[in-house]
2 protein chains.
Amino acid sequence: MPHDFKQIYASANRACSFLKVLANPDRLVLLCRLAEGECCVSELESALNIHQPTLSQQLGILREEGLVTTRREGKHIFYRVISLESIAILKALQTQFCKPRPPEPH
Amino acid sequence: MPHDFKQIYASANRACSFLKVLANPDRLVLLCRLAEGECCVSELESALNIHQPTLSQQLGILREEGLVTTRREGKHIFYRVISLESIAILKALQTQFCKPRPPEPH
DNA sequence: CTAATTATTTATGAATTTATATTATGTAAC
DNA sequence: GTTACATAATATAAATTCATAAATAATTAG
C-alpha cells in the first residue's frame, strides 16, 4: 500500500462520480449536442425522442453535477456545457467511439 | 430527429458500456496501475487492500469487457491492458482528475 | 385582469438493475 | 499439501430508470 494510496483513491472517486454521470446514453448524447453549442430544452427534445419529463430529469442530473448551466430567455431555458472536464473527456470519447465507421457491406 | 440518429445512439451505447466498466473506483485504480505495465494479481491485491475474491471479480469484469488480457507464468497470472480506448480515456481522465493538486495549507 | 397555453421542473413511486460483501469451493502449478 | 487465483452461490443494499401526475413561470388571448 503506497503512501499516496489515499490521494489515488480520492482522484479515482472524483473521476468515478463524473464517469457515472456520463455513463448513460441519453445524457451522453445530450452532452455531445450541448458541447456543440447552447441549446434549449425543446430543441433537445426533438433531437432525442425521449419523453419530456425524462429529458428534464437527465438535464437536472447534468445541472446538479455541475456539467452544464442554464439561462432563461422568455419561455425557453437554454443549456450549455460549463465543465472543462466534460469537454476534454467528450472529445476523447468521440475520438474513440465515433470514428468514421468501416464501410458497410450491403 | 436527424438521419444519423441511430448511429449516434449506437456510438453512445458503446461508449456507455465502456464508461460503466470504468465507473468504479477499484476498477479505475486497477486500470491505472495496469496501464503503467503488466502486473500479477497478488501485486494488485497488495496495492488495493480489497479481498481476493472481490479483486478477482473486478478483474473478471475487465477481462470480459475486453479491456485487459492475461498470461500465466507458473503460479502467477499477469494482467495487462489491451484496449486502446482504455489507454486513451485513462490518459484524458488522469489529465483532468489527477492534476498536481494545489499546495496544501498546513 | 383573468384564463388558457406553452415550456419546463419537481415529486412520487414501482420496477428493475446493479453493486458489494461473504463464504465456500474449485483448479492449476509447484 | 500449499500457493495463487477463479468461480459460484447467496444475501443484502443501493442505485437507476421510467412513467404519471402535479406544480411553476412566462406568455398570450380574451
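By convention in this document, chain letters (A, B, ...) are assigned in the order of the sequence lines, proteins followed by strands, and residues within each chain are numbered from 1. All values below come from the heavy atoms of this structure, side chains included, with hydrogens, waters and symmetry mates left out.
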Trainee: Under a 4.5 Å side-chain heavy-atom rule over Ile, Leu, Val, Met, Phe, Trp and Tyr, are F78(B) and L34(B) clustered together?
Mentor: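 As far as the 4.5 Å side-chain criterion goes, L34(B) and F78(B) are not connected within one cluster.
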Trainee: Classify the nucleic acid contact of Y79(A) as base, sugar-phosphate or nothing, counting any heavy atom under 4.0 Å across all strands shown.
Mentor: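 If one applies the 4.0 Å heavy-atom cut-off, Y79(A) turns out to touch the sugar-phosphate alone, with no base involved.
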Trainee: Which residues in residues 59-67 of chain B have a heavy atom closer than 4.0 Å to any atom of DNA chain D?
Mentor: R63(B)
Trainee: Enter the distance from S42(B):OG to L44(B):CG here, rounded to the nearest 0.5 Å.
Mentor: 8.0 Å
Trainee: Between C1' on dT8(C) and CZ on R71(A), what's the gap in Å once rounded to a whole number?
Mentor: 15 Å
Trainee: Do the side chains of H76(A) and V41(A) get nearer than 4.5 Å, heavy atoms only?
Mentor: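 Side-chain contact under 4.5 Å: no.
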Trainee: If a pair satisfies ring pair (Phe, Tyr, Trp, His ring centres under 6.0 Å) and one of its residues is in residues 8-44 of chain B, list it, with sequence neighbours excluded.
Mentor: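 Pairs touching residues 8-44 of chain B that pass the test: F97(A)-F18(B), F5(B)-Y9(B).
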Trainee: Output the residues of residues 18-41 of chain B in contact with DNA chain C, where contact means a heavy atom of the residue under 4.0 Å from an atom of the strand; sort by number or write none.
Mentor: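 Under 4.0 Å from DNA chain C: N24(B).
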Trainee: Among all residues two or more places apart in sequence or in another chain, which pass the side chain to side chain contact (heavy atoms under 4.5 Å, CB included) test with C32(B)?
Mentor: L90(B), Q94(B)
Trainee: Which pair of non-hydrogen atoms, one from A23(A) and one from K20(B), has the smallest distance, and what is that distance?
Mentor: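 What the structure gives for the nearest pair is O-CE, 3.4 Å.
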Trainee: How would you list all residue pairs meeting ring pair (Phe, Tyr, Trp, His ring centres under 6.0 Å) that involve residues 22-47 of chain B, not counting sequence neighbours?
Mentor: none
Trainee: Test R14(B) against S11(B) for side chain to side chain donor-acceptor pair (under 3.5 Å), laying out the working first.
Mentor: CA-CA 5 Å; R14(B) 277 182 285 124; S11(B) 299; 3.2 Å; yes
Trainee: Any side-chain N or O of S42(A) below 4.0 angstrom from OP1/OP2 of dT8(C)?
Mentor: yes
Trainee: Sequence neighbours left out, what passes salt bridge (Lys or Arg N to Asp or Glu O under 4.0 Å) with E73(B)? Give chain and number order.
Mentor: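 Salt bridge (Lys or Arg N to Asp or Glu O under 4.0 Å) check on E73(B) returns R71(B).
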Trainee: Applying side chain to side chain contact (heavy atoms under 4.5 Å, CB included), can you list everything that pairs with C16(A), at least two apart in sequence or on another chain?
Mentor: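 Partners of C16(A) by the side chain to side chain contact (heavy atoms under 4.5 Å, CB included) criterion, ordered by chain and then number, come out as P25(B), L28(B).
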Trainee: If the sugar-phosphate is the primed atoms plus P, OP1 and OP2 and the base is the rest, what is the B/S/- string for nucleotides 23-30 of chain C, using protein heavy atoms under 4.0 Å?
Mentor: BB----BS
Trainee: For residues 53-69 of chain A, which side-chain donor-acceptor pairs fall under 3.5 Å, sequence neighbours excluded?
Mentor:
unit_1 : atom_1 : unit_2 : atom_2 : d
Q58(A) : OE1    : R27(A) : NH1    : 2.7
R63(A) : NE     : Y79(A) : OH     : 3.1
R63(A) : NH2    : Y79(A) : OH     : 3.4

Trainee: Considering all heavy atoms of both residues, which atom of A12(A) and which atom of V29(B) are nearest to each other, and what is their separation?
Mentor: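 Closest approach of A12(A) to V29(B): CB-CG2, 3.7 Å.
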Trainee: From the 5' end of DNA chain D to its 3' end, which nucleotides mark the outer limits of contact with chain B, defined by a 4.0 Å heavy-atom distance cut-off (strictly under)?
Mentor: dT3(D) to dA9(D)
Trainee: Between Q58(B) (CD) and dT22(C) (P), how many Å, whole number?
Mentor: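 Spelled out: CD on Q58(B) to P on dT22(C) is 14 Å.
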Trainee: What is the separation between atom CD on E45(A) and atom P on dT8(C), rounded to the nearest whole Å?
Mentor: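 From E45(A) CD to dT8(C) P: 8 Å.
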Trainee: Please report the closest heavy-atom contact between S46(A) and E43(A), naming both atoms and the distance.
Mentor: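 Heavy-atom minimum between the residues: OG-O, 3.0 Å.
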